Each structure stands twice: as C-alpha cells, then as structure tokens.
Number of protein chains: 2
Amino acid sequence: MNSQEEVNDFVKNGHQQYLPHLSIDPVIIGYHDQQLKVLLLKWIGLNGWGLPGGFIQRREPLSQAAHRILHERTGLEDLFLQQFHIFGDSPYRVQERSVNEFNETYGLAIDGNTWLFERTLSIGYFALVDYSKVSVRTDFFTVDYQWWDVSEIPPLLFDQNEVVEKALATLRLQIYHQPIGYNLLPEKFTLPEIHTLYETILGKKLDQRNFAKKLVGLGLIKKLDEQRAIGPHRSPYLYQFEKDAYENALKQGIVHTY
Amino acid sequence: MNSQEEVNDFVKNGHQQYLPHLSIDPVIIGYHDQQLKVLLLKWIGLNGWGLPGGFIQRREPLSQAAHRILHERTGLEDLFLQQFHIFGDSPYRVQERSVNEFNETYGLAIDGNTWLFERTLSIGYFALVDYSKVSVRTDFFTVDYQWWDVSEIPPLLFDQNEVVEKALATLRLQIYHQPIGYNLLPEKFTLPEIHTLYETILGKKLDQRNFAKKLVGLGLIKKLDEQRAIGPHRSPYLYQFEKDAYENALKQGIVHTY
DNA sequence: TTACAATCCGTAAATTATACGGATTAATTT
DNA sequence: AAATTAATCCGTATAATTTACGGATTGTAA
C-alpha cells in the first residue's frame with residue numbers, strides 16, 4: 001500500500017476488509033551486539049515513533065493476522081510470536097483521534113465517520129527475532145524504521161510505551177518458565193553467546209558455569225563437536241538447541257531459576 | 001434489560017452504545033465445599049451454557065467495562081479481576097452467527113446487518129470470588145445460572161470451553177507467582193481452609209506443615225489469637241492475610257514453590 | 001471419663017542453587 | 001619458534017531451599 005489511491009481506498013473502505021476498533025501491535029524484539037532491540041517505525045508528519053502494527057481481516061483468525069502482519073513488516077515466518085495483553089484503558093484508546101489533524105498530516109480529505117478514527121483497542125504481541133534476518137518494509141504512513149535499544153525507547157505515539165514495557169516484562173517473567181533463544185540466536189551458537197543473551201534479557205549477571213550446567217542439565221542444548229574461530233583466542237565450542245526438549249519445555253513449562 | 005422493547009432496542013441499536021466485534025467474557029471462579037466452581041448462565045432457546053459476558057461501551061476504558069460487567073452480573077465490586085487472553089481463532093469467533101437461528105430462538109425479526117451478528121472476539125477475564133457473596137442476575141438472553149465444578153464443565157456455547165480452560169491454566173500458573181485467596185476466602189480463615197484451597201486449585205496434595213511454614217514465612221498470613229469452633233474436634237486457630245505483604249507480593253511477584 | 005477426629009508442631013534428609021579460580025587454547029606478535 | 005594475550009572450559013564445596021515425616025494436643029459428643 002503505497003500509492004495515493006491505495007491509501008485513499010484503505011482509509012475510506014478499509015472497514016470492509018478489516019475489523020474496526022482493533023489493531024495488532026507487535027513488539028518485535030531482536031538481539032544484536034549484546035543488546036535487546038525493539039523495532040520501531042517513524043510516522044510521517046506525526047514526527048514520532050510507533051510499533052509496526054496492522055489490522056485484522058474480517059474473517060481472518062487472530063493469530064493468523066498477527067503472523068501475517070509480522071511477515072508483511074519483516075519478511076519473517078514461523079516465529080515465536082505471543083499475545084500478551086489487550087490494551088484498552090489509555091486515553092488514546094478511548095478517545096477517537098482528530099480527523100483534522102490526520103487530514104492535514106497526510107493531505108487527505110476524509111470525513112469523521114471513517115473507521116480509522118474510531119476508538120481502537122490494541123492487541124499486544126511480542127516476537128523474538130534474529131536481528132540480522134529482518135528486512136523491514138515501511139508503508140504509506142511510515143517513512144523510516146530503526147532498532148532501538150530497550151533502555152532508550154523514545155516516547156511513542158498512541159501511548160504505546162506501556163505496550164513495549166509490558167512486552168519486556170512478560171518476556172522477563174516468561175524466561176523462568178520457557179526456553180528462549182531459538183529465534184534470537186543463529187542455529188549454532190556458543191555458550192558465551194547464549195549466556196550473554198540471557199544476561200541481557202534478565203538484566204543481571206548469571207554465573208557462566210552454573211548457567212551452562214542448567215541448560216545442558218535440562219537437555220535444552222547440546223554440545224556439538226565443532227568450534228568457531230573467534231580471533232586470537234581459544235575457540236569456543238558450538239551448541240545447538242535440542243528441538244524436542246525445547247518444544248516440550250515450551251508446552252510443559254519449566255520450574256527453576258537461572 | 002428484560003422487557004421485549006429493551007431487547008429490541010439493544011439488538012437494533014446496541015452498536016451505538018457498544019463496540020462491535022468485542023465481548024468481555026469473565027470466568028468467575030468461586031470456591032465452595034472444597035471445590036472450585038465456575039459460574040455459568042443458561043441461554044434461552046440455545047439450550048446451552050455460557051459465560052456471563054457483556055459488551056464494552058464506546059468510551060469506556062476496558063478494565064472498567066470488565067468490572068462493570070462483573071458487577072452487573074454478580075453484585076460484586078473491587079474484585080481480583082484479571083485479563084488473561086483474547087480469543088479470536090475459533091470458528092465461532094471468525095464466522096458470523098446465523099441470523100435466522102437467532103430470530104427463531106428469540107422470536108425476533110431483525111436483519112443480518114445487525115452488529116450482534118458480526119464476528120466477535122472474546123476478551124477473557126477471570127475473577128476470584130467469595131462464592132457465598134454472589135447474587136447472580138440473569139437477563140433476557142439467559143434464563144438460569146449454576147455454579148459448575150471445574151471438573152464437570154459441560155460443552156459451552158461459542159467455543160467458550162477453551163476460555164474456561166485457559167483461565168484455570170492461568171490461575172494455576174499464577175499461584176506460583178502471586179498470592180491467591182484474598183477474594184476466595186472469608187476475612188478470617190483457618191490453616192486447613194487455605195491449605196485445601198491451594199490443593200484444590202493446583203489439583204495436588206501439599207504438605208500441611210511445609211505449606212503453612214511457607215505462607216507464614218513469606219509474611220502473607222498471620223496467626224490470630226482466636227479460634228473457631230468446628231464441631232467435636234480441636235479448634236483451629238484463625239489466620240488473616242497481611243494486606244501490605246499481600247499487595248506487595250501481588251505487584252512484585254514471588255519466586256518459589258509450595 | 002472416654003473415644004474420636006481434627007489441629008498443631010519441629011527436625012532431619014535430599015535436592016537445588018550459589019560461589020568460586022586455575023588450566024587450556026588459538027591466534028597474533030615478537 | 002616462542003611468548004603473549006584474551007577468551008573458553010571445567011568441577012567441587014557450601015549455602016539455601018524443598019521435601020519428608022509422626023506423635024502430642026485439643027474440643028466436643030457419647
């Protein structure tokens with residue numbers, strides 16, 4: 001959706017295709033350079049940042065819509081993508097937005113009965129992605145994108161800061177009950193890599209040896225007979241997730257600490 | 001809403017007052033007779049059971065709507081009420097319902113453009129209530145109510161069984177991280193009472209002594225200098241929740257097992 | 001007074017989590 | 001070729017937590 005006609009059609013007739021009052025707002029979390037990053041899009045005109053959201057088609061199952069939107073925005077499929085909350089309390093989601101402001105910003109001339117200006121509740125999903133595999137696509141409303149360090153998220157449009165915060169809080173809680181990393185790390189990774197990933201997510205130091213013991217002990221990762229060259233130092237062994245144990249732990253849950 | 005005119009107005013004009021495509025479906029969990037019970041309403045005509053749901057007013061914050069609906073149905077206020085999922089995948093929530101079936105059931109004659117027949121996503125909340133304090137109110141669509149033991153939930157309308165199951169699963173998970181009981185037990189309760197409550201929720205035996213040690217050790221409950229007469233047996237001491245520690249644990253979360 | 005049935009209480013063993021440092025290695029530099 | 005560097009690798013001892021377990025006590029009814 002990039003031509004002016006497409007946009008006009010979307011704004012005027014989108015309600016025929018999409019459910020009004022609802023948007024899906026994925027918090028796309030990537031990992032790079034030992035830091036957690038969140039993908040944000042820059043809105044045209046509004047001069048602010050927001051989540052790469054989308055709408056639900058009228059007969060499309062909700063989870064399918066979430067995957068579709070993520071795919072449209074990032075090109076990624078088969079991701080860890082999890083619904084964590086629906087937001088409908090903040091003023092932005094109760095009051096309708098200003099039509100005039102919108103028309104001015106986008107050079108449109110639509111009236112106030114348009115579906116887009118009705119109150120919209122936001123369904124929060126979070127996804128864990130391999131940072132390097134993402135190719136972001138912007139659309140008519142968004143002009144730029146950027147990966148933001150989680151500690152430096154700017155004030156977001158549409159009260160979305162609370163969405164991001166809740167996503168991260170959910171992730172931190174969840175890491176105690178579910179294995180995480182399958183979608184954040186390359187297929188083969190080293191102990192130090194997964195170790196610092198967990199430290200980054202939890203925001204605290206974890207003892208290397210105990211951490212490795214735990215993960216291997218749970219059978220979630222296994223050591224390979226390969227090493228990776230990493231400059232003038234001892235080469236670390238490579239590890240891999242045990243798919244079966246991993247999937248199982250995702251379903252069953254784990255009870256432990258790291 | 002009980003007169004025929006009110007109902008007609010609701011069906012025809014409800015969309016002016018309520019957000020379409022969304023319903024709030026609370027799983028109201030009560031505790032009685034050492035069993036967890038769920039409050040279900042019996043639909044007229046459809047001859048089936050369902051959750052005591054409601055709709056969100058157009059400018060009403062989401063959580064406020066949830067509390068209002070709960071209050072309308074049960075007369076209760078200030079409850080532990082928590083959103084846990086939004087359901088939009090099951091066929092019922094993707095396909096629109098049959099108008100004819102509806103008209104036949106309720107003796108109405110409305111056309112298919114009515115908001116009620118559009119696809120509806122269901123926002124799941126669960127509430128923990130003191131069984132004895134609830135006074136259920138039915139409405140035009142529902143003729144009867146009943147507390148059902150969680151192990152005996154019948155097939156529900158609108159694919160709501162998955163809503164109930166997920167509510168219970170969430171509760172069981174949550175009990176490891178948050179104190180539970182404040183809204184399920186009377187103000188003063190005995191150790192055996194709270195002990196069996198936890199056993200009931202978790203569906204497994206918990207050692208009495210260790211359980212009491214844990215809760216007292218965490219400072220969540222405190223022993224009172226009173227006892228309760230319970231027939232021809234030794235009188236148990238009464239306990240009370242420590243409000244401050246309880247609230248704090250609700251916010252901070254607990255890491256432990258029982 | 002006795003019988004009964006439920007409550008109350010404390011310690012020992014097992015498991016799990018935490019703390020901790022020295023030997024090894026691969027590449028680069030000398 | 002040897003020395004240097006910086007990162008990986010590994011195992012054991014201590015602390016903390018969880019689990020296991022039974023006998024003495026109490027209030028009422030018979």
Side-chain angles (χ1 to χ4, degrees), chain A residues 33-34 172 175-177 179 181 185-186 188-200 202-240 249 252-258, chain B residues 33-34 172 175-177 179 181 185-186 188-200 202-240 249 252-258:
Chain A
D33 219 8
Q34 305 195 1
R172 288 191 190 106
I175 203 172
Y176 287 109
H177 291 282
L185 293 171
K188 296 173 182 180
F189 51 86
T190 69
L191 274 188
E193 283 172 346
I194 191 171
H195 176 232
T196 51
L197 167 64
Y198 272 70
E199 285 191 334
T200 305
L202 289 171
K204 66 180 182 190
K205 288 279 166 210
L206 301 173
D207 183 275
Q208 311 163 25
R209 281 168 292 188
N210 296 334
F211 176 78
K213 254 185 286 178
K214 175 68 87 172
L215 253 56
V216 174
L218 290 169
L220 291 176
I221 61 174
K222 70 157 179 281
K223 188 175 177 178
L224 301 176
D225 211 14
E226 305 170 57
Q227 293 173 292
R228 169 189 295 167
I230 51 150
H233 306 304
R234 177 174 185 171
S235 305
Y237 284 95
L238 288 172
Y239 284 73
Q240 211 171 22
Q252 305 292 319
I254 315 171
V255 178
H256 68 103
T257 62
Y258 284 104
Chain B
D33 218 9
Q34 305 196 1
R172 287 188 191 111
I175 203 172
Y176 286 111
H177 293 281
L185 293 171
K188 296 174 182 180
F189 50 87
T190 69
L191 275 189
E193 282 171 347
I194 191 172
H195 175 231
T196 51
L197 167 64
Y198 273 69
E199 285 191 333
T200 305
L202 289 170
K204 66 180 182 190
K205 287 279 167 212
L206 301 173
D207 184 275
Q208 311 163 25
R209 279 168 292 185
N210 297 334
F211 176 78
K213 254 185 286 177
K214 175 68 89 172
L215 253 57
V216 174
L218 289 169
L220 291 176
I221 61 174
K222 71 160 181 279
K223 188 175 176 177
L224 301 176
D225 213 16
E226 306 171 54
Q227 295 175 289
R228 170 190 294 166
I230 51 152
H233 307 302
R234 178 174 185 173
S235 305
Y237 284 95
L238 288 172
Y239 284 74
Q240 211 172 24
Q252 306 292 320
I254 316 171
V255 177
H256 67 103
T257 59
Y258 285 104

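In this text, all values refer to a predicted model and were calculated from it rather than measured experimentally. The analysis underlying the following values was restricted to heavy atoms, covering all of them including side chains, and did not include hydrogens, waters or symmetry mates.
In the set D:dG27, D:dC21, D:dT25, the nucleotide with an atom closest to the side chain of B:D207 is D:dC21. Set against C:dA26, D:dT28, C:dT24, the side chain of A:S235 has C:dA26 as its closest nucleotide. Residue A:A229 has its side chain nearest to C:dA27 when only C:dA27, C:dA6, D:dC9 are considered.
Formation of a donor-acceptor pair under 3.5 Å by the B:E199 side chain with backbone atoms of B:L206 is found in this model. At least one donor-acceptor pair closer than 3.5 Å links the side chain of A:E193 to the backbone N or O of A:T190.
Remark: P of D:dA16 and NZ of B:K214 are 15 Å apart, rounded to the nearest angstrom. If you measure from atom CZ of A:R234 to atom C1' of C:dA26, you get 10 Å, rounded to the nearest angstrom. Remark: P of D:dT19 and CG of B:L206 are 9 Å apart, rounded to the nearest angstrom. When the P atom of D:dC9 is taken as reference, atom CG of A:L224 falls 12 Å away, rounded to whole Å. One interatomic measurement links the two molecules: NE2 of B:H233 to C1' of C:dC8, which rounds to 15 Å at whole-angstrom precision. We find that NZ of B:K204 is positioned 12 Å from C1' of D:dT18, with the value rounded to whole Å. As a whole-Å value, the separation of B:Q208 CD from D:dA20 P is 14 Å. In this entry the distance linking CD of A:Q227 with P of D:dC9 reads 8 Å, nearest Å.
The base of C:dA19 is paired with the side chain of A:N210 by a donor and an acceptor separated by under 3.5 Å. One cannot find a donor-acceptor pair under 3.5 Å joining the base of D:dC9 and the side-chain atoms of A:R209. Within 3.5 Å, no donor on the side chain of A:K205 pairs with an acceptor on the base of C:dT18, nor the reverse. Residue B:K213 places a side-chain atom within donor-acceptor reach of the base of C:dT11, judged by atom type and a 3.5 Å distance cut-off alone.
The two residues A:K204 and A:Y176 come nearest to each other via the heavy atoms NZ-OH, 3.4 Å.
Within 6.0 Å of CD on B:E226 lie more than 12 heavy atoms contributed by other residues, nucleotides or ligands.
The structure places OG1 of B:T196 at 8.5 Å from CZ of B:F211, a figure rounded to the nearest 0.5 Å.
Take the nearest nucleotide of DNA chain D for A:P232 and for A:K223: the residue whose nucleotide is more 5' is A:P232.
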